Colleague: 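Dropping a structure here in structure tokens format, bear with me for questions.
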Amino acid sequence: MENQLLALLPESDKSRWLSLLKYVDLQQGQSLYASGQSLNHVYFPMGSIVALHGVSQSGLMSELALVGREGMVGIVSFLGGGSSTSDAVVLSSGPAFRMGAQALRHEFENSTAVMSLMLRYTQALISQMAQTSLCNQYHSVEQAMSRLLLLSLDCVQSTELNMTQEVMAQILGVRRERVSQVAVRWQRSKWIQYARGHIAVPDRSALERVSCECYKAIKKEYERLLPSDWVP
């Protein structure tokens with residue numbers, strides 16, 4: 001299984017989940033759920049990126065977190081709330097596994113391993129949300145943009161992304177012109193290659209150098225809570 005969260009499940013749970021998971025293709029811009037809606041399904045990305053964000057009544061957007069191969073979309077399905085206060089929108093197209101929200105809730109309540117794994121992931125996701133909020137409020141656009149790109153690359157485990165400058169500006173809550181200025185400067189330095197919404201990152205180390213401590217803090221927390229050798 002290409003989703004890292006599913007890969008951590010014990011073999012006994014994996015075999016049972018095979019009949020519960022459905023392969024789907026997520027399309028860029030697709031809404032998986034909106035604030036206040038009840039969840040019918042949860043998603044485990046395998047190459048797609050889903051952005052979780054808050055939206056004000058006036059339409060202003062606030063970045064909360066990114067979800068890719070490392071996690072899942074729809075934690076409220078097992079936390080008991082039934083609906084979310086955030087939106088989940090596909091940021092980058094790609095495959096995912098879909099599962100019924102009620103089926104996951106049943107698994108959560110009847111498997112100690114599933115409960116432990118999902119709670120660990122929830123803690124990691126909350127940590128990402130907290131660090132993202134801090135980053136967007138106190139760090140420069142260049143630092144926040146490098147964090148966004150690095151996390152996105154991790155989500156798809158690649159050196160290339162499909163993401164427009166307009167989308168990056170919306171996620172970061174800044175004017176498109178500011179994102180464009182940074183992108184032009186990075187392209188001149190050959191840190192990135194950008195064309196028509198396609199971003200290639202031949203020099204990832206450059207982005208890591210310019211990034212603030214937020215990216216490393218987020219990555220470290222995921223690795224601590226969900227190590228590849230985790231045993232329930």
Side-chain angles (χ1 to χ4, degrees), residues 1-9 14 17-18 20-35 37 39-55 61-78 84 86-101 103-104 117-118 121-122 124-126 128-129 132 145-172 192-201 204 207 215 218-219 222-223 226 228:
M1 294 183 179
E2 297 181 49
N3 178 277
Q4 295 168 5
L5 195 62
L6 293 178
L8 290 176
L9 286 169
K14 284 182 185 178
W17 279 42
L18 288 176
L20 303 175
L21 296 167
K22 180 180 180 180
Y23 183 95
V24 295
D25 284 311
L26 302 182
Q27 302 301 316
Q28 187 175 43
Q30 178 183 351
S31 174
L32 302 185
Y33 61 76
S35 176
Q37 287 185 343
L39 272 65
N40 295 319
H41 300 95
V42 298
Y43 298 84
F44 299 86
M46 297 186 294
S48 52
I49 305 175
V50 179
L52 307 181
H53 51 72
V55 181
M61 184 185 300
S62 174
E63 177 195 9
L64 297 177
L66 299 179
V67 181
R69 291 177 184 265
E70 81 296 331
M72 63 159 291
V73 179
I75 62 172
V76 297
S77 61
F78 57 79
S84 175
S86 64
D87 291 1
V89 178
V90 179
L91 187 62
S92 182
S93 302
F97 278 126
R98 187 179 70 188
M99 185 178 187
L104 180 59
L117 181 62
M118 293 303 161
Y121 172 70
T122 299
L125 185 64
I126 291 173
Q128 183 188 166
M129 291 179 176
T132 296
M145 189 168 157
S146 63
R147 171 190 51 76
L148 173 63
L149 289 179
L150 288 169
L151 286 175
S152 298
L153 292 172
D154 289 347
C155 283
V156 296
Q157 294 184 342
S158 176
T159 59
E160 299 185 11
L161 296 167
N162 290 316
M163 190 182 302
T164 65
Q165 293 182 8
E166 183 176 356
V167 167
M168 283 190 283
Q170 289 177 343
I171 292 174
L172 297 175
I192 67 170
Q193 296 169 353
Y194 179 84
R196 298 181 180 178
H198 181 80
I199 303 173
V201 184
R204 179 189 171 106
L207 293 185
Y215 167 69
I218 292 170
K219 186 175 182 179
Y222 272 84
E223 291 175 345
L226 300 166
S228 58

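Source: prediction; values computed, not measured.
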Colleague: Mark yes or no for whether Arg69, through its side chain, and Asn3, through its backbone, hold a donor-acceptor pair below 3.5 Å.
Modeller: no
Colleague: Got more than 12 heavy atoms from elsewhere within 6.0 Å of CD, Glu160?
Modeller: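 Yes, enclosed.
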Colleague: Between OG of Ser93 and CD1 of Ile49, what distance do you get to the nearest 0.5 Å?
Modeller: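 Rounded to the nearest 0.5 Å, the OG-CD1 separation comes to 10.0 Å.
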Colleague: Donor-acceptor pair, distance only, cut-off 3.5 Å: does the side chain of Tyr215 make one with the backbone of Leu207?
Modeller: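 Pair absent, no side-chain N/O of Tyr215 close to backbone of Leu207.
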Colleague: Using the side chain to side chain contact (heavy atoms under 4.5 Å, CB included) rule, take Leu117 and Leu226 through it: C-alpha gap first, then chi angles, then the decisive distance, then the call.
Modeller: CA-CA 8 Å; Leu117 181 62; Leu226 300 166; 3.7 Å; yes
Colleague: Is there side-chain contact between Trp17 and Leu104, with at least one heavy-atom pair below 4.5 Å?
Modeller: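 Yes. Closest side-chain heavy atoms under 4.5 Å.
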Colleague: For Ala34, is there any backbone N or O sitting under 3.5 Å from a side-chain donor or acceptor partner on Asp87?
Modeller: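 It does not hold such a pair.
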Colleague: Looking at Leu66, Leu150, Val50, which hits side chain to side chain contact (heavy atoms under 4.5 Å, CB included) with Cys155?
Modeller: Leu66
Colleague: Write down the atom of Leu26, the atom of Ser48, and the distance for their closest heavy-atom approach.
Modeller: CD1-OG, 3.6 Å
Colleague: Where is the tightest heavy-atom contact between Gln128 and Tyr222, given as atom of each residue plus distance?
Modeller: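 Gln128 and Tyr222 have their closest heavy atoms at NE2-OH, 2.9 Å.
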Colleague: What's the separation between atom CD1 in Ile75 and atom OG in Ser86, rounded to the nearest 0.5 Å?
Modeller: 8.0 Å
Colleague: If we only count heavy atoms from C-beta on, is the Thr159 to Arg204 side-chain gap below 4.5 Å?
Modeller: no
Colleague: Just how far is it from atom NZ of Lys22 to atom OH of Tyr43, taken to the nearest 0.5 Å?
Modeller: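 One finds 10.0 Å between NZ of Lys22 and OH of Tyr43.
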Colleague: With the side chain counted from C-beta on, respond yes when Arg147 and Leu172 share a heavy-atom pair under 4.5 Å apart, and no when they do not.
Modeller: yes
Colleague: Taking the side chain as everything from C-beta on, heavy atoms only, tell me whether Met129 gets closer than 4.5 Å to Leu52.
Modeller: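 SC-SC contact between Met129 and Leu52 confirmed.
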Colleague: So how far is it from Ile171 CD1 to Ser62 OG, rounded to the nearest 0.5 Å?
Modeller: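 Between atom CD1 of Ile171 and atom OG of Ser62 there are 11.0 Å.
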Colleague: Would you indicate whether the side-chain heavy atoms of Thr132 and Leu148 approach each other to under 4.5 Å?
Modeller: no
Colleague: Drop me the distance from Glu70's CD to Tyr121's OH, to the nearest 0.5 angstrom.
Modeller: 5.5 Å
Colleague: Show the nearest heavy-atom pair for residues Leu8 and Ser228, with the distance to one decimal.
Modeller: CD2-O, 3.9 Å
Colleague: Rounded to the nearest 0.5 Å, what separation is found between the CD atom of Gln37 and the OG atom of Ser31?
Modeller: 6.0 Å
Colleague: Quick check on side-chain hydrogen bond (donor to acceptor under 3.5 Å, both in side chains): which of Arg196, Gln28, His198 does Asn162 satisfy it with?
Modeller: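 With Asn162 as partner, Arg196, Gln28, His198 yield a single side-chain hydrogen bond (donor to acceptor under 3.5 Å, both in side chains), made by His198.
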Colleague: Shortest non-hydrogen contact from Ile199 to Met168?
Modeller: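 Answer, listing the atom of Ile199 first, then Met168: CD1-CE, 3.7 Å.
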Colleague: Do Val89 and His53 come close enough that some side-chain heavy atom pair is under 4.5 Å?
Modeller: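 A side-chain contact under 4.5 Å exists here.
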Colleague: Nearest heavy-atom pair of Met163 and Tyr194: which atoms, and what distance?
Modeller: O-CE1, 3.7 Å
Colleague: Does any non-hydrogen side-chain atom of Val42 lie less than 4.5 Å from one of Tyr33?
Modeller: no
Colleague: Which residues satisfy the ring pair (Phe, Tyr, Trp, His ring centres under 6.0 Å) test with Phe78, sequence neighbours excluded?
Modeller: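 Per chain and number, Phe78 pairs via ring pair (Phe, Tyr, Trp, His ring centres under 6.0 Å) with Phe108.
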Colleague: With a 4.5 Å cut-off on side-chain heavy atoms, are Met118 and Leu5 touching?
Modeller: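 Sidechains of Met118 and Leu5: in contact.
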